[in-house]
There are 2 protein chains.
Amino acid sequence: MAYVLQVDFDMEGPFGEEMAESFEGLAQSINEEDGFIWKIWTEDEETKQAGGIYLFDTKAHAKKYLDMHTARLKEFGIEPVRAKIFQVNDALTNINHGPVK
Amino acid sequence: MAYVLQVDFDMEGPFGEEMAESFEGLAQSINEEDGFIWKIWTEDEETKQAGGIYLFDTKAHAKKYLDMHTARLKEFGIEPVRAKIFQVNDALTNINHGPVK
């Protein structure tokens with residue numbers, strides 16, 4: 001059973017390709033985090049928000065990452081961070097082809 | 001380029017296996033929605049919240065589904081619905097194995 005971490009926050013940019021160039025190193029480092037499975041990077045240039053949807057193996061690993069990431073974003077001048085951790089309902093997710101395995 | 005719809009709301013239950021039994025028909029119907037790619041069903045029995053992370057092919061399809069789903073949840077007595085639609089940053093998501101294809 002996996003856990004979803006959903007995160008979003010206000011930011012001035014960069015977005016799109018410039019965002020991808022700026023955060024490539026950060027993305028590489030995220031692959032090394034404890035219990036990390038995948039991340040979808042999210043953005044909305046219109047409303048000036050960005051964030052991510054993460055899958056972790058346990059709630060404890062999701063929480064550990066969120067604490068670290070919140071502190072890191074604060075160093076970038078980004079706060080507050082809106083975040084929630086949810087358990088996945090596997091049976092329903094399987095019906096809807098949700099990629100949690 | 002895909003779009004993420006993240007939705008959550010307060011609810012009294014059911015959660016877990018009972019939730020899966022109650023919403024199996026609803027889950028089947030979601031596979032037929034325009035532009036739908038996948039859904040991860042999310043829940044937290046402790047905080048009495050549930051929701052979903054969806055992937056849609058366009059922002060318009062995500063918005064159309066959200067409008068319908070918000071009205072449906074209201075019929076179930078569930079409101080407000082907290083929801084956001086984000087564009088996916090493909091380059092960064094690919095580095096982190098995000099399942100958006």
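Small disclaimer: the values here were computed from a predicted structure and weren't measured. Keep in mind that the numbers below use all heavy atoms, side chains included, and drop hydrogens, waters and symmetry copies. Numbers restart at 1 for each chain; the letters A, B, ... are given by sequence-line order, proteins then strands.
- The residue among A:L55, A:D44, A:N94, A:L26 with the most heavy atom pairs within less than 4.5 Å of chain B is A:D44.
- When heavy atoms are compared at a cutoff of 4.5 Å, B:F36 approaches chain A solely by way of its side chain, counted from C-beta outward.
- Between chain A and the residues B:H97, B:E43, B:Q87, the largest count of heavy-atom pairs under 4.5 Å involves B:E43.
- Heavy-atom minimum distance, B:S29 versus B:R72: OG-NH1, 4.3 Å.
- The greatest number of non-hydrogen atom pairs below 4.5 Å with chain B, out of A:T42, A:V4, A:V100, is found for A:T42.
- For a residue to count as touching a neighbouring chain, one of its non-hydrogen atoms must lie under 4.5 Å from one of that chain's; by this rule B:I85 touches chain A with the backbone only.
- Here the closest heavy-atom approach between residue B:M11 and residue B:A50 is recorded as CE-CB, 3.8 Å.
- Residue contact with chain A, scored on non-hydrogen atoms closer than 4.5 Å, is absent for B:A2.
- Residue A:Q28 touches chain B through both its backbone and its side chain, counting heavy-atom pairs closer than 4.5 Å.
- In this structure, A:Q49 and A:T47 approach most closely via the heavy-atom pair NE2-OG1, 3.0 Å.
- Looking at A:N96, A:N89, A:T93 one by one, the single match for side chain to side chain donor-acceptor pair (under 3.5 Å) with B:W41 turns out to be A:N96.
- Counting heavy-atom pairs closer than 4.5 Å to chain B, the top-ranked of the candidates A:G52, A:G16, A:A91, A:G51 is A:G16.
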* Asked: Between A:W38 and A:I53, does a side-chain contact (heavy atoms from CB on, under 4.5 Å) hold up when you go through it step by step?
  -> CA-CA 8 Å; A:W38 55 250; A:I53 306 295; 4.1 Å; yes

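- At a threshold of 4.5 Å between non-hydrogen side-chain atoms, the residues A:D90 and A:M1 count as touching.
- In this structure, the portions of B:E24 lying under 4.5 Å from any heavy atom of chain A include both its backbone and its side chain.
- Within the 4.5 angstrom heavy-atom criterion, atoms from both the backbone and the side chain of B:L92 approach chain A.
- How far OH of A:Y3 is from CG of A:L5: 13.5 Å, rounded to the nearest 0.5 Å.
- Taking the side chain as every heavy atom from C-beta outward, A:Y65 and A:V7 never approach each other to under 4.5 Å.
- Neither the backbone nor the side chain of B:E45 comes within contact range of chain A; no heavy atoms are under 4.5 Å apart.
- For chain A, the nearby parts of B:V88 are the backbone and the side chain; heavy atoms of each come within less than 4.5 Å.
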